[in-house]
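Taking it in order: structure first as structure tokens, then the write-up.
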Protein chains: 2
Amino acid sequence: MSKDRSERIMQDLQQRIISGDLRPGERLDEVSLAKKYDVSRTPIREALLQLSSVGLIELKPRKGAFVSRLSIKTLMEMFELMAELEGLCARLAARRASAKELEELQALHNESREAVEEQDLDSYYGYNERWHEAIYTAARNDFVKEQTIQLRNRLAPYRRAQLGSGRRIEGSFDEHEKILDALKAGDDLGVEVLMREHVIHQGGTFGDFIARLPHEMADLIAMH
Amino acid sequence: MSKDRSERIMQDLQQRIISGDLRPGERLDEVSLAKKYDVSRTPIREALLQLSSVGLIELKPRKGAFVSRLSIKTLMEMFELMAELEGLCARLAARRASAKELEELQALHNESREAVEEQDLDSYYGYNERWHEAIYTAARNDFVKEQTIQLRNRLAPYRRAQLGSGRRIEGSFDEHEKILDALKAGDDLGVEVLMREHVIHQGGTFGDFIARLPHEMADLIAMH
DNA sequence: TCAACTCTTCGTGTATACAATATGGTATTT
DNA sequence: AAATACCATATTGTATACACGAAGAGTTGA
């Protein structure tokens with residue numbers, strides 16, 4: 001028995017939060033989790049602590065653990081940084097990507113065309129994630145890649161909640177194509193701007209995003 | 001007795017790591033720490049877990065906790081991101097800083113002049129930190145500010161170790177002045193570039209930085 | 001003399017027991 | 001009847017006890 005227990009539990013809970021199975025605001029009871037995973041409270045607590053350090057849950061003293069509910073202010077701030085980080089990855093990738101990596105990006109893009117034509121949102125969501133992650137990799141800065149993925153994970157519950165709302169899937173696909181062209185051309189500054197805007201537009205404009213919040217996601221947001 | 005224990009211990013250990021009191025590679029023994037802080041191992045473990053999530057220590061299974069030793073590769077990657085984040089803060093600050101915030105920046109800069117003239121490295125180090133942090137604040141994105149400070153903390157042991165080596169203090173001061181001018185002028189793109197270069201040059205050029213590593217900091221670096 | 005194996009010891013990983021506090025309900029008082 | 005105070009219960013925070021694994025020292029064999 002090495003320390004897989006708390007690690008495995010942490011991974012599982014993280015996945016359940018990212019996937020939306022556990023919704024923001026939901027309480028995480030230690031004893032229930034302990035029973036569910038058939039371990040003592042100790043590994044549970046360790047997993048919860050780690051998740052809180054990453055920002056996926058909040059630990060309120062003497063009250064317990066809750067899946068993080070982000071305020072609108074924090075959400076906007078996180079999106080602003082997300083756009084910058086994605087832009088950075090794209091800029092670096094434009095200078096550093098290998099021919100093979102560019103081919104992989106093109107291949108992923110080609111495959112995703114099918115999902116667009118069939119209007120398969122779930123499928124496109126998957127391709128989209130892999131495509132963006134391929135760019136993080138091509139940026140050849142593993143630390144930046146990790147940080148970017150971590151931030152994306154924290155935003156995941158909210159991005160998924162607004163998946164099919166508003167935005168047309170074709171728009172995203174077209175932007176990917178422009179970004180890909182700029183990447184191949186090695187236009188680092190150009191691709192940075194394109195990527196920033198792509199990320200910001202992902203859920204429609206910021207305004208649309210905020211405007212839609214109160215209705216569909218009211219209970220996911222922290223009200224201050 | 002609420003949960004201050006582990007929190008306080010975490011803060012204290014973090015400070016000791018950042019300040020260099022605990023050096024990279026150093027072992028953190030749970031029982032010794034428990035005796036030192038006069039608590040049981042439980043709060044100690046919780047503190048260590050949190051520190052590992054932030055990246056300040058590494059938790060090797062069945063082997064214990066060690067102050068993180070960063071590889072040269074990771075160090076360079078972190079510096080690359082640090083320069084970007086500082087540049088981002090500067091760019092945002094150029095657009096969003098209030099008149100009062102600009103005044104505070106100028107005031108801090110003026111006060112630091114004294115430290116420059118007296119060649120007081122420790123004093124200048126303090127002013128430098130406060131000045132940079134004032135820019136994070138002026139960027140008006142608390143999330144970005146937090147992330148930037150967190151990364152700076154992780155780099156702190158290494159930046160401090162190379163404090164007086166090589167670089168002349170006047171160079172930093174002059175760069176601050178140019179950055180301040182660009183900030184006041186609202187030249188967001190200009191100040192971003194200036195800040196990036198300033199951060200990269202902080203310890204001399206990257207090349208100098210790396211070249212000096214093996215001698216003064218050999219044991220702080222992870223060798224792979 | 002060197003190498004390999006075993007045993008001991010120390011420290012981490014996990015479970016459980018205990019302490020303290022917050023929350024909700026009930027009873028009492030105004 | 002409403003409000004407040006008090007108590008009971010449930011849940012977190014901390015301590016301790018136990019189990020497992022790793023590292024090192026000592027011994028035995030070649």
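All values below were derived from every heavy atom in this structure, side-chain atoms included, with hydrogens, water molecules and symmetry-related copies excluded. Chain naming here is simple, since letters A, B, ... match the order of the sequence lines and numbering starts at 1 in each.
- The distance from atom CD of B:E46 to atom P of D:dT14 is 7 Å, rounded to the nearest whole Å.
- Considering only side-chain N and O atoms, B:S40 lies under 4.0 angstrom from the phosphate OP1 or OP2 of D:dA15.
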(message) Run the salt bridge (Lys or Arg N to Asp or Glu O under 4.0 Å) test on A:E30 and A:K35 for me, step by step, so that the C-alpha distance in whole Å, both residues' side-chain angles and the decisive distance to 0.1 Å come before the verdict.
(response) CA-CA 9 Å; A:E30 294 182 0; A:K35 262 189 273 188; over 6 Å; no
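- Nucleotide C:dA22 holds its P atom 16 Å from the CD atom of A:E30, rounded to whole Å.
- Base pairing in DNA chain D gives the following stems of 3 or more Watson-Crick or G-U pairs, range against range and under 3.5 Å: C:1-30 with D:1-30.
- Residues that satisfy the side chain to side chain contact (heavy atoms under 4.5 Å, CB included) test with A:E26, not counting sequence neighbours, are A:L22, A:R23, A:V67.
- The CZ-C1' distance, from A:R27 to D:dT11, rounds to 7 Å in whole Å.
- Taking the side chain of A:R5 as heavy atoms from C-beta on, and the options C:dT14, D:dT16, D:dT11, the nearest nucleotide is C:dT14.
- Ring-plane geometry between A:W131 and A:H176 is classed as parallel, the angle between the planes falling under 30 degrees on a 0 to 90 degree scale with a further cut at 60.
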Anything under 3.5 Å between a protein N or O and an N or O of nucleotides 22-24 of chain D, put it in a table, one pair a line.
residue: D:dA23; atom: OP1; partner: B:K63; partner atom: NZ; Å: 3.3

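- The side chain of A:R41 lies closest to D:dT12 when the candidates are C:dT12, C:dA15, D:dT12.
- In this structure A:E77 satisfies the side chain to side chain contact (heavy atoms under 4.5 Å, CB included) test together with A:K73, B:N141, B:D142, B:F143, sequence neighbours excluded.
- In terms of the side chain to side chain donor-acceptor pair (under 3.5 Å) criterion, residue partners of A:T74 (sequence neighbours excluded) are, by chain and number, A:S71.
- Checked against side chain to side chain donor-acceptor pair (under 3.5 Å), A:D120 has no partners two or more places apart in sequence or in another chain.
- With rounding to whole Å, B:L49 atom CG is found 14 Å from D:dG13 atom P.
- Applying the side chain to side chain contact (heavy atoms under 4.5 Å, CB included) criterion to A:E111, with sequence neighbours excluded, gives A:Y127.
- Between B:E7 atom CD and D:dT14 atom P there is a gap of 10 Å when expressed in whole angstrom units.
- When the side chain to side chain contact (heavy atoms under 4.5 Å, CB included) test is applied to A:E101, the partners found at least two apart in sequence or on another chain are A:A97, A:S98, A:T137, A:A138, A:R140.
- Checking C:dA15, D:dA15, C:dG11 against the side-chain heavy atoms of A:P43 singles out C:dA15 as nearest.
- Under the side chain to side chain donor-acceptor pair (under 3.5 Å) criterion, A:R96 pairs with B:E80, not counting sequence neighbours.
- Both B:D29 and A:D38 lie close to DNA chain C; mapped to their nearest nucleotides by heavy-atom distance, the more 5′-ward contact belongs to B:D29.
- In the set C:dA15, D:dT11, C:dT12, C:dT12 carries the atom at the smallest distance from any side-chain atom of B:R45.
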